[in-house]
Amino acid sequence: MSTDLYFRTGVWQIFFGGMDRGIPKEIVEKVDIALEAADVEHAIYYYPEADHGFFCNERKSYHPLAAQDAWHRT
């Protein structure tokens, strides 16, 4: 099997909720710095008012505005 099958191109899009206690803002900033250093084209979207799982409409943490914005970006 060719390893080329696993190679992906394009911009990485990463979405974070600011109220996610498991991924503090400092970690988001470190991810950004590491991707920059690795010359990975990326876009980080940070929603301060959203929690972990904000995109899933079956969770209490669902945040319709953040989810709609994230949906339009993907």
Side-chain angles (χ1 to χ4, degrees):
M1 178 177 281
S2 171
T3 57
D4 292 340
L5 294 175
Y6 301 102
F7 183 74
R8 301 289 187 254
T9 61
V11 177
W12 287 24
Q13 293 184 316
I14 310 169
F15 302 87
F16 292 101
M19 296 179 69
D20 185 342
R21 292 178 297 192
I23 308 172
K25 179 87 170 169
E26 297 79 28
I27 297 298
V28 175
E29 292 166 354
K30 287 181 180 182
V31 168
D32 188 36
I33 291 167
L35 291 171
E36 286 288 332
D39 199 29
V40 174
E41 189 176 357
H42 67 285
I44 293 179
Y45 302 100
Y46 186 79
Y47 303 96
E49 70 287 349
D51 202 346
H52 183 86
F54 71 87
F55 198 81
C56 180
N57 64 349
E58 294 185 8
R59 297 178 76 154
K60 289 183 181 183
S61 59
Y62 177 63
H63 193 283
L65 293 176
Q68 182 179 20
D69 184 74
W71 177 255
H72 287 292
R73 293 179 186 276
T74 57

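Here, residue 1 is the first one in the sequence, and each next residue gets the next number. Reckoned from all heavy atoms, side chains included, excluding hydrogens, waters and symmetry mates.
The hydrophobic cluster containing Tyr45 does not contain Val40, counting ILVMFWY residues as joined when their side-chain heavy atoms lie under 4.5 angstrom apart, directly or transitively.
Scanning all heavy atoms of the two residues, the minimum distance from Tyr62 to Cys56 falls at CB-O, 3.2 Å. Residues Phe54 and Ala70 come closest through the heavy atom pair CE1-CB, 4.1 Å. Heavy atoms only, all atoms of each residue included: Arg73 and Gln13 are closest at O-NE2, 2.7 Å. Looking at every heavy atom in both residues, Ala43 comes nearest to Val11 through N-CG1, 3.9 Å.
When only modelled atom types and interatomic distance are considered, Tyr47 and Asp69 share a side-chain donor-acceptor pair under 3.5 Å.
Distance check, rounded to the nearest 0.5 Å: CZ of Phe55 to OG1 of Thr74 gives 5.5 Å. To the nearest 0.5 angstrom, Leu35 atom CG is 6.0 Å from Ile44 atom CD1.
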I'd like a table of donor-acceptor pairs (distance under 3.5 Å, sequence neighbours excluded) in which one partner is a side-chain atom from residues 17-31, with atom names and distances.
| from | atom 1 | to | atom 2 | distance (Å) |
| --- | --- | --- | --- | --- |
| Asp20 | OD1 | Gly22 | N | 2.8 |
| Asp20 | OD2 | His52 | ND1 | 2.7 |

